[in-house]
Enquirer: 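Sharing a structure, written as structure tokens. Questions coming.
Note that the coordinates shown come from a computational prediction; the quantities given were computed from them, not determined experimentally. By convention in this document, chain letters (A, B, ...) are assigned in the order of the sequence lines, proteins followed by strands, and residues within each chain are numbered from 1.
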Amino acid sequence: MIDAGFGANIKAMSLAEQAFLKDQAQQRLARAEAAGKRPLVPGDLVFYWRRQVAGREKERGFTIGSFVGPARVLAVETRVDDEGRLRPGSCVWLHRAGRLIKAAPEQLRAATDRERAIEELKGPVEIPWTITSLASHPHKKTYDDITSEIPDDMQWDEAAQQPVLSHRIRGKKSCICAHVDDFLFGGAPGDKVHDHLMEQIKQHFSWGSWESSSFTQCGVTVTQHSDFSITLDQQEFVSDLQEIKLSRDRSRQVTAETSDYEKHQLRAVLGALSWFTGQTGFQFSSDVGILLSSVSTSQVETILRTNKLIRDVKDNPGELRIHAFPDAKRLELVCWADAAWANRPDGKSSTEGIVIGFSSPALLEGKIAPVSLMYWRSGKIDRTCRSPACAETKGVVNGEDDLYHLRYLWSEMLLPKERLVGCHPDTVVVNASGTLVTDSKNLWDKLSKEIFVIKGAEKRSDLEALSLKESQDNSQLQLRWVHSDAMLANSLTKPSEKWQILLFQKMKYHWRIVHDSNMVSARKRKAEGIDPMHSEVKG
DNA sequence: AAATTGCGCAGTGATGTGGT
DNA sequence: ACCACATCACTGCGCAATTT
């Protein structure tokens with residue numbers, strides 16, 4: 001047997017992996033048990049549950065809650081039973097960000113190791129007053145009493161699944177973006193800090209010209225609207241594109257091979273198009289990628305297809321919309337990743353499609369929400385994939401990579417310097433919550449299992465998928481499954497399947513993560529006449 | 001004033017190398 | 001024979017410096 005060594009290796013790795021995961025799961029259980037039994041003591045780091053009634057949820061008539069924190073236990077007014085457990089009716093005094101909170105033990109959960117580690121990075125927190133002086137003040141209400149808000153089991157579970165942001169976003173007031181010698185300034189109108197900074201900047205430097213509302217930067221027209229949203233377009237650029245000229249004779253020779261000069265023309269015009277698809281024309285990404293791949297083996301028919309694409313682009317150049325999100329307390333980064341297996345001109349290469357956007361937390365609750373596209377990509381997967389599952393895994397893993405990068409960038413913008421310099425990337429990234437959406441059942445099932453087994457025909461894909469599992473733990477990555485008609489990235493893998501992205505544009509750049517506990521396929525949904533965007537109510 | 005050149009960025013395919 | 005990987009050549013863009 002030639003590959004005996006390799007096979008034995010995989011077996012050993014698989015065994016080790018299983019043992020490791022089993023052990024990890026056991027430790028977690030043990031910790032949870034210990035945390036449940038151990039009474040709270042002053043100094044413990046905890047999170048407390050609060051009922052949250054955001055504007056929109058109120059209308060639909062249900063409330064959601066979440067854990068907030070972390071808070072430090074200051075004192076416990078004990079009513080302890082024989083085994084040392086807190087009995088209902090006890091109260092726990094918490095300290096968080098200079099506030100004193102009176103809470104019930106039923107609404108507390110211990111902080112995880114990770115949360116503790118992050119809190120420690122912030123350094124010691126001074127507690128300025130003694131608890132007695134605060135709590136015993138005769139008239140003033142010096143603390144928040146939240147003991148009336150006690151979650152039931154369902155609410156507790158729901159909240160436990162939500163990631164907790166362990167810091168408050170301290171609003172940054174002003175921002176500058178620079179490209180070589182062009183600068184973009186942003187800030188809330190009337191904001192004192194921002195206005196003052198702008199005043200100083202204008203005093204200290206002499207500038208060529210100032211533009212606002214609508215201008216061109218790096219060949220892209222940027223327009224800000226009255227609701228503060230921004231659109232980017234390349235109207236002018238697109239209208240300058242020229243079709244490749246073909247004589248009537250030549251255009252009839254569809255199957256004829258292209259000449260060197262024609263290949264040159266193809267590369268030239270596709271190069272221009274790829275600039276467009278990279279800046280604003282995301283809906284044409286897959287067309288350009290596939291055509292660029294077929295230049296070397298192109299026929300006259302390829303030129304005709306390219307010319308058709310140019311006409312399509314001119315007919316509907318589209319725009320890139322950046323929403324304003326005036327009400328969102330935080331933004332979610334969501335990545336849709338998909339792949340098409342062996343669909344490239346060479347007959348064996350696969351295509352990945354990745355779309356990452358900002359949205360409001362409402363999107364994760366299954367609602368239709370605005371999505372601002374931040375990053376997208378349609379391209380050849382570097383390795384040859386032997387099965388659709390392999391391609392799918394590759395695409396999703398690459399998508400997670402890009403998502404991680406964007407989460408880091410976003411965290412950099414939000415966090416103060418002390419929380420960035422010298423910190424492990426994971427502890428930085430957890431401040432920007434990230435969600436990865438896939439339409440692969442294969443991958444979803446694999447990752448849903450507590451024990452991850454590496455076996456069968458796709459050992460290598462399994463190993464790569466493992467990195468996603470790791471990211472779920474290390475960077476609090478959330479995973480979702482949707483049927484393929486609700487998969488935004490599908491349109492970036494095949495030129496012929498544009499309906500998702502067209503629907504997205506028709507919905508004015510809004511989307512939904514369709515929730516379906518039965519995981520019904522898109523084909524079956526269609527047969528049963530279910531709208532692609534129809535979603536179960538979560539929970 | 002207009003044209004050319006160089007830079008860094010993106011994507012693709014072709015090519016060679018090393019491995020099983 | 002096939003694959004992964006690195007490197008190269010080719011295309012585009014915007015921008016600035018230089019040449020014409």
Enquirer: Using side-chain hydrogen bond (donor to acceptor under 3.5 Å, both in side chains) as the criterion, list what pairs up with A:D227, not counting sequence neighbours.
Expert: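 Residues passing side-chain hydrogen bond (donor to acceptor under 3.5 Å, both in side chains) with A:D227: A:S229.
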
Enquirer: Over the length of the helix from B:dA1-C:dT20 to B:dT20-C:dA1, how much do the five-pair end axes diverge, rounded to 10 degrees?
Expert: 40°

Enquirer: Please list, chain by chain and in numerical order, all residues satisfying side-chain contact (heavy atoms from CB on, under 4.5 Å) with A:Q253, sequence neighbours excluded.
Expert: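 Checked A:Q253 against side-chain contact (heavy atoms from CB on, under 4.5 Å); matches are A:R250, A:A256.
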
Enquirer: In whole angstroms, how far is the P atom of C:dT7 from the CG atom of A:D382?
Expert: 15 Å

Enquirer: Partners of A:K380 by salt bridge (charged side-chain N to carboxylate O under 4.0 Å, His left out), sequence neighbours excluded?
Expert: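 Counting only residues at least two positions away or on another chain, A:K380 forms no salt bridge (charged side-chain N to carboxylate O under 4.0 Å, His left out).
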
Enquirer: Choosing from C:dA4, C:dC13, C:dT11, which nucleotide comes nearest the side chain of A:F237?
Expert: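 That would be C:dC13.
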
Enquirer: With sequence neighbours left out, which residue pairs that include part of residues 288-310 of chain A fulfil the salt bridge (Lys or Arg N to Asp or Glu O under 4.0 Å) condition?
Expert: A:E301-A:R305, A:K308-A:D312

Enquirer: List for me each residue that meets side-chain contact (heavy atoms from CB on, under 4.5 Å) alongside A:S285, sequence neighbours excluded, and say none if there are none.
Expert: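 Per chain and number, A:S285 pairs via side-chain contact (heavy atoms from CB on, under 4.5 Å) with A:T277, A:F282, A:W376, A:S378, A:L492.
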
Enquirer: Can you build the contact string for nucleotides 8-17 of chain B? Use B for base contact, S for sugar-phosphate-only contact, and - for no protein heavy atom under 4.0 Å.
Expert: ---SSSS---

Enquirer: Which whole-number value in Å describes the distance from A:E236 CD to C:dC13 P?
Expert: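 Rounded to whole Å, this separation is 15 Å.
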
Enquirer: Using side-chain contact (heavy atoms from CB on, under 4.5 Å) as the criterion, list what pairs up with A:D191, not counting sequence neighbours.
Expert: A:K173, A:A188, A:V193, A:H194

Enquirer: Suppose we screen for side-chain contact (heavy atoms from CB on, under 4.5 Å). Which residues come up paired with A:S521, at least two apart in sequence or across chains?
Expert: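 side-chain contact (heavy atoms from CB on, under 4.5 Å) list for A:S521, sorted by chain: A:R523, A:K524.
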
Enquirer: Look at the rings of A:F504 and A:W511 and say which category their plane angle falls in: under 30° parallel, 30 to 60° tilted, over 60° perpendicular.
Expert: perpendicular

